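Proteins come first, then strands; the chains are lettered A, B, ... in the order of their sequence lines, and each starts at number 1. Quick caveat: nothing in here was measured; it's all calculated off a predicted structure.
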Amino acid sequence: MSNLKITVDGVSVAVDAGTDGFGLFTSKTIVAQRVNGALKDLAYKVLEGDEIEGVEISSEDGLNILRHSTAHVLAQAVQNINPEAKLGIGPPIKDGFYYDFDVEEPFTPEDLKSLEKEMERIIRSGQRFMRRVTNEADAAKELSNEPYKLELIGLKGSELGDGAAEVGAGELTIYDNVDPASGETVWFDLCRGPHLPNTRMIGGAFSLMRSAAAYWRGSEQNKQLQRVYGTAWPTKDELRAHVGRLEEAAKRDHRRLGAELDLFSFPEEIGSGLAVFHPKGGMIRKVMEDYSRKRHEESGYDFVYSPHVTKSNLFEISGHLSWYAEGMYPPLQLDEERDENGVVRKQGQDYYLKPMNCPFHILIFKSQGRSYRDLPLRMFEFGTVYRYEKSGVVHGLTRARGFTQDDAHLFVTPETMESELTNVLNFVLGLLRDYGLDDFYLELSTREEGNPKFVGDPAVWDQATSILESVATKSGLTLVPDPGGAAFYGPKISVQARDAIGRTWQMSTIQLDFNLPERFDLEYTAADGSRQRPVMIHRALFGSIERFFGVLTEHYAGHFPPWLAPLQVVGIPVADEFNEYLYDVADVLRSKGVRVTVDSSDDRMQKKIRNHTKDRVPFMLIAGGEDRDNRAVSFRFRDGSQENGVPLEQAIERILAAIESKEQV
RNA sequence: GCCGACUUGGCGCAAUUGGUAGCGCACCGCUCUUGUAAAGCGGGGGUUGUGGGUUCGAGUCCCAUAGUCGGCUCCA
């Protein structure tokens, strides 16, 4: 008889005692149930008053369960092949999962192949995932061979981090993998769950992607384990689509496009992480910089310049040498000179390549007495900085060792701080939109209680943080908190932008700083004649020009809009005879500031079209007899579409308009 | 910095168990060339990232170093 009243997907129903998720949900795509907000296996037996929802495999929770179960199968496969392997953790992640193992030999690509085979066998065998509640003492006994799991048991309830998939805040549980034929437990793992009912539901849409080392529990102090990354999807079509997205991202990789389109390179002779821009990349960069300068000038910024090297003293005052010395290039040591008696005649001196521009701008502020009438003072510089990034992190233009920041420092009075921040945020968003990015959210990076990295008075931090938060909230954009992510001297807002294929990039940062003004003892004279300390706002819109260049390259997949394209128009004659006509057309365009050339090489027209399409020239103007006779040209665009016989005046108008409007074509 | 993989003409690749470097594109020359993604023929170019070592002999094996790639850690 029906004696339990529960709610299923919002509908009240009465069910028999002992009813579980298998009884409530018949759809094969329901893989788990959410009971009173908590995820449970389908095997969970409902209780009076439970509010239950089915979890679809294609939902975010469903995918996580699928991937986590696949991770378990991976771990079982690893231990089947190598019983000596010790288990780390194996959580689901975006698009997939990983599992860490302590093994003697790192996994090879061949190992991954044989692991996939073993996983397929396990999946086909249809093992059931059976939840079993245990306690610390029993679990410790069962897992006595698994030192890392033992460590997690000891951590239960305290700071968990990535271990959260193994042990939750509630009961300690183990999942047994039970062979359906023999009823025997063939493998088990400490796990919070939930899981798919059985391995067969994983299906065939999974793949092991790569292996790599990873520190146990994410700390450099710990041993490195061998991590295997995999991906898993409800269907093979979704797996294929995912692989397709990865290929698309690889095709857009700015490092690859940089070489293909002859934009920039990293000559080995110069050193890791140090780029040179070739003429085409240089043109794009110049346009970016010119436009940025124009916008800064319009917005009341002053332009300043500072040298690339400085005596160590400057970064001692700023505090960078005590906090970030290992991130700076080692000093150029100017030797001291001694006379014949060994007495110092000239003191030695250390010079550093600058890793930041702020102290230089501060010195400009200090070069004279400042009045409240001078503020806000906004100093802008394309400042090239050098940071000795660790060898393993250098990555094309997005993580280089030498790069140029579009850096500005605003010196403001406490009263104008909030309005200046609002202006800066609007300025940033407007400029980013001009570069074709228009999907943003904000991140508020704050200090972490008790972390000695953060300097200064906590009360001041709180004040700064609340001002930033208020400005960010008023922008109307989504605000995501980032506790502990602040700079050592103050909190910051960063603008995150989504690119054409949905990836997010941290772009601009706006940081408040109460610390450096104090260290450098900055002052201005207030209206009442008193000496006051200004507040500094650090901000960079592109972050670094190189990085922004890389992001734009990937955003546009190399198809830069006309205003940025290094070559905007190329004339392609149908035959040599029409070169002259196209030269005339090109002259007109060039006189209006268009970057144009005529391809008068020996190649055939078809070959020229192919070459310039691959080069991503936005406008190809083709001309033959018909066009010349009618004073017209034929457009061909990068996507292969074309428009013939466009009157010359109209064609020129159109090209100029496209450049002027910064639109994409 | 740590773990692993990789490095052959400008670029992309090839070279049996170690036996003395090839191909395509690009480049140069010549001939040809009127309608939307590769004309034909010929030519030049590499002491295989660098430095050591093993060997009669090394692109192939070993060591070191630089650089690149994938992760981890880091990112003022």
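When the C1' atom is compared between rU33(B) and rG19(B), the two are found 48 Å apart, to the nearest whole Å. Taking atom P on both rG42(B) and rG35(B), the two are 27 Å apart, rounded to the nearest angstrom. Using C1' as the reference atom, rG44(B) and rC63(B) are 38 Å apart when rounded to the nearest Å. The same atom, C1', is picked in rU73(B) and in rC2(B); the two are 8 Å apart, to the nearest Å. Taking atom P in both rG1(B) and rU65(B), the straight-line distance is 10 Å, to the nearest Å. Atom name C1', nucleotides rG51(B) and rU7(B): the rounded distance is 16 Å, in whole Å. Taking the P atom of each, rG49(B) and rG59(B) are spaced 10 Å apart, rounded to whole Å. A distance of about 10 Å separates the P atoms of rC25(B) and rC41(B), rounded to the whole Å.
Contact annotation for Ala214(A): backbone-only contact, meaning every heavy-atom pair under 4.0 Å involves sugar-phosphate atoms and none involves a base. If you check every strand for non-hydrogen atoms under 4.0 Å, Pro106(A) touches sugar and phosphate atoms only. Heavy atoms of Asn611(A) sit nowhere under 4.0 angstrom from any nucleic acid atom. Residue contacts shown for Gln511(A) are limited to sugar-phosphate atoms, with no base heavy atom under 4.0 Å away. Contact annotation for Glu577(A): base contact, defined as any heavy-atom pair under 4.0 Å involving a base atom. Asp603(A) comes within 4.0 angstrom of no nucleic acid atom, judged by non-hydrogen atoms across all strands. Within 4.0 Å (heavy atoms only), Tyr229(A) reaches sugar-phosphate atoms of the nucleic acid but no base atom. Here Thr108(A) lies out of heavy-atom contact (under 4.0 Å) with every strand. Residue Gln642(A) is classed as a base contact, given a heavy-atom separation below 4.0 Å to a base. Within the nucleic acid shown, Gly640(A) has no heavy atom closer than 4.0 Å to any nucleic acid atom. Within the nucleic acid shown, Phe107(A) has no heavy atom closer than 4.0 Å to any nucleic acid atom.
Taking side-chain N and O atoms only, Arg255(A) has a distance below 4.0 Å to OP1 or OP2 of rC69(B). Residue His395(A) has no polar side-chain atom (N or O) positioned under 4.0 Å from OP1 or OP2 of rU68(B). Remark: Arg210(A) is in phosphate contact with rG71(B), judged by side-chain N or O atoms under 4.0 Å from OP1 or OP2. For rC72(B), neither phosphate oxygen OP1 nor OP2 lies less than 4.0 angstrom from any side-chain nitrogen or oxygen of Arg217(A). The shortest distance between the side-chain N/O atoms of Ser391(A) and the OP1/OP2 oxygens of rG1(B) is below 4.0 Å. Phosphate proximity of rC74(B) to Tyr324(A): absent, as no side-chain N or O sits under 4.0 Å from OP1 or OP2.
Salt-bridge check for Glu248(A) with Arg252(A): passed, with a basic side-chain N closer than 4.0 Å to an acidic carboxylate O. Taking a cutoff of 4.0 Å between a charged side-chain nitrogen and a carboxylate oxygen, Glu260(A) and Lys614(A) do not qualify as a salt bridge. For the pair Asp350(A) and Lys311(A), the salt-bridge criterion is not met [side-chain N within less than 4.0 Å of a carboxylate O]. Under the 4.0 Å criterion applied to side-chain N and carboxylate O atoms, Asp407(A) and Arg539(A) are not assigned as salt-bridge partners. Under 4.0 Å is where a charged nitrogen must lie from a carboxylate oxygen, and between Arg533(A) and Asp521(A) at least one such pair does. Look at Arg503(A) and Glu554(A) and you find a salt bridge, because one of the NZ, NE, NH1 or NH2 atoms lies within 4.0 Å of a carboxylate O, short of that distance.
Applying the 3.5 Å distance criterion, the base of rA37(B) shares no donor-acceptor pair with the side chain of Arg638(A). Between the side chain of Gln224(A) and the base of rC2(B), at least one donor-acceptor pair of N or O atoms lies under 3.5 Å. Residue side chain Tyr215(A) reaches the base of rG1(B) through a donor-acceptor N/O pair under 3.5 Å, judged by distance alone. On a pure distance criterion of 3.5 Å, a polar donor-acceptor pair joins the side chain of Lys390(A) and the base of rU73(B). The base of rC72(B) is not paired with the side chain of Arg227(A) by any donor and acceptor separated by under 3.5 Å. One can find a donor-acceptor pair under 3.5 Å joining the base of rC74(B) and the side-chain atoms of Arg399(A).
Using Watson-Crick or G-U wobble geometry with both donor-acceptor distances under 3.5 Å, rG4(B) finds its partner in rC69(B). Under the Watson-Crick or G-U wobble criterion, with both distances below 3.5 Å, rG35(B) is left unpaired in every strand shown. Using the Watson-Crick or G-U wobble rule with both distances under 3.5 Å, rU60(B) pairs with nothing in any strand shown. Taking a pair to require two hydrogen-bonding distances under 3.5 Å in either a Watson-Crick or a G-U wobble arrangement, rG45(B) remains unpaired. Under the Watson-Crick or G-U wobble criterion, with both distances below 3.5 Å, rG10(B) is paired with rC25(B).
To the nearest angstrom, C1' of rU7(B) lies 14 Å from CD of Glu269(A). Following rounding to the nearest Å, Lys614(A) (NZ) and rA38(B) (P) show an atom-to-atom distance of 10 Å.
Taking the nucleotide of RNA chain B with the nearest heavy atom to each of Ser272(A) and Glu220(A), the more 5' of the two is matched to Ser272(A). Comparing Met328(A) and Ser634(A), the nucleotide of RNA chain B nearest to each residue sits closer to the 5' end for Ser634(A).
A distance-only check finds no donor-acceptor pair linking the side chain of Glu577(A) to the backbone of Gly624(A) [under 3.5 Å].
In plain terms, the two heavy atoms of Asp599(A) and Pro573(A) that are nearest each other are O-CD, 3.3 Å.
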